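Read through the structure below, which is laid out as structure tokens, and then see the notes.
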Amino acid sequence: MLFDVSTAVTEQLHDELFIEKGISVSVLRLDRIHPVISGNKLFKLHYFLEEAIRSAHRTIVTFGGAYSNHLAATAYACGALGLKSIGIVRGEESATLSHTLLQCRKDGMQLKFISRTAYAAAATSPSLPGEHGECLVIPEGGYHPMGARGAALIMNLVDTSHTHICTALGTATTLAGLALHAKPHQQLIGIPVVKEMNDLDERIKELTGFTTMPAAVECWTGYHFGGYAKKNEALIHFINQCWQQYRLPLDFVYTAKMFYAVTDQAKKNHFPPGSRILCLHTGGLQGNGSLPPNTLAF
Ligand SMILES: *Cc1c(COP(=O)(O)O)cnc(C)c1O
């Protein structure tokens, strides 16, 4: 790895509910790698960064919204590795930049703002828009087979005794990566944080090169709380409860929805007794900075 990932430990959570159901629930703390380049983003970027270092393409171009964990991670990683980075940001530049974009600038990222329409066309196209010249383009969220291969490196940190591995789903690149390296007895569960995730099969196939959807991949819709970055009081309460009970800091966009789903499904007896469940803490805590002060207990 290009960064030290030894702080990404697995912690078991102690809870009456899990004891009662005869299951063990642990969290792989990818968020502990680094406050900004934390979680799954570092892994998804891995092979792009290696490629940029190896080749003459020292400038990385990528895409994101005003609170994008992916932009934040890319800016930081490029800064630390001596690579130039350009962030194409969705929407017009506002008078006050988000805390995320300010941090991107501090890390040396050049920001370019484009209209939402132009963004939609550019962000998911892997082909290089001419105006960027000699650059390595990373699609939004690292959605690319190379991003999935990087995410597969997360499995090097996963003990083979785990029977279920759960992760939040945005572009599904992380889940695809897990599918590349999972053992046959490991069930993979993705929890979409967006309302419309109707093309998961196509995504997994495109990202992995598999011709059929792996049987071990499962998707739990119904935990998006109204859509991307939407939240309600129950979710905020849940985050604060997890902090008080386990000292586990969750982000409201991704990991809180994932862990809420796992807890809910544990209550509903989804996991057979003896299950050893691993939840990926995919990071993203910088995103909590968009919440009003004192919303969270940490
Ligand atoms: C980006 C992100 C995800 C989603 O990952 P995908 O590979 O796009 O599915 C999950 N959790 C966090 C914290 C993220 O920032």
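We count ligands from 1, going down the list as the structure has it; atoms in each ligand are counted the same way. Just the heavy atoms: all of them, side chains too, but no hydrogens, waters or symmetry mates, feed the values below. What you see is a predicted model, and the numbers here were worked out from it, not measured in a lab.
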For L169, atoms of ligand 1 separated by under 4.0 Å from a heavy atom: 9 (O)
State the atoms of ligand 1, each with its element, that fall below the 4.0 Å cut-off from a heavy-atom position in G284. 13 (C)
In the protein, what heavy atom is nearest to atom 1 (C) of ligand 1, and what distance, to one decimal place, separates them? K41 NZ, 1.5 Å
Please classify the T173 to ligand 1 contact at 4.0 Å (heavy-atom distances, strictly less than): side chain, backbone, both or neither. both
Among protein heavy atoms, which lies nearest atom 10 (C) of ligand 1, and at what distance? Y254 CD2, 3.3 Å
Quick one: nearest non-hydrogen protein atom to atom 11 (N) of ligand 1, plus distance? T282 OG1, 2.6 Å
Quick one: does G39 get within less than 4.0 Å of ligand 1, heavy atoms only? no
Classify the ring geometry of F3 against Y76: parallel below 30°, tilted from 30° to 60°, perpendicular beyond 60°. tilted
Establish, from distance only, whether the side-chain atoms of E140 and T171 form a donor-acceptor pair under 3.5 Å. no
Is there a polar contact, in the sense of an N or O pair closer than 3.5 Å, between G283 and ligand 1? no
Angle class for the F63/Y119 ring planes (parallel below 30°, perpendicular above 60°, tilted otherwise)? perpendicular
Measure from atom 4 (C) of ligand 1 to every heavy atom in G177, G170, A176 and give the option owning the shortest one. G170
Are any of the side-chain nitrogens in R203 or E206 under 4.0 Å away from the carboxylate oxygens of its partner? no
Measure the distance from atom 5 (O) of ligand 1 to every protein heavy atom, then report the residue, atom name and distance (to 0.1 Å) of the closest one. N40 ND2, 3.0 Å
Is a donor on one side and an acceptor on the other found under 3.5 Å between the side chain of R276 and the backbone of H164? no
E50 with R149: basic N within carboxylate O range, under 4.0 Å: no
Salt bridge check, E11 against R32: does any charged N sit closer than 4.0 Å to a carboxylate O? yes
So which heavy atom in the protein is nearest atom 6 (P) of ligand 1, and how far is it from that ligand atom? K44 NZ, 3.3 Å
Sub-4.5 Å side-chain heavy-atom contact between L13 and Q245: no
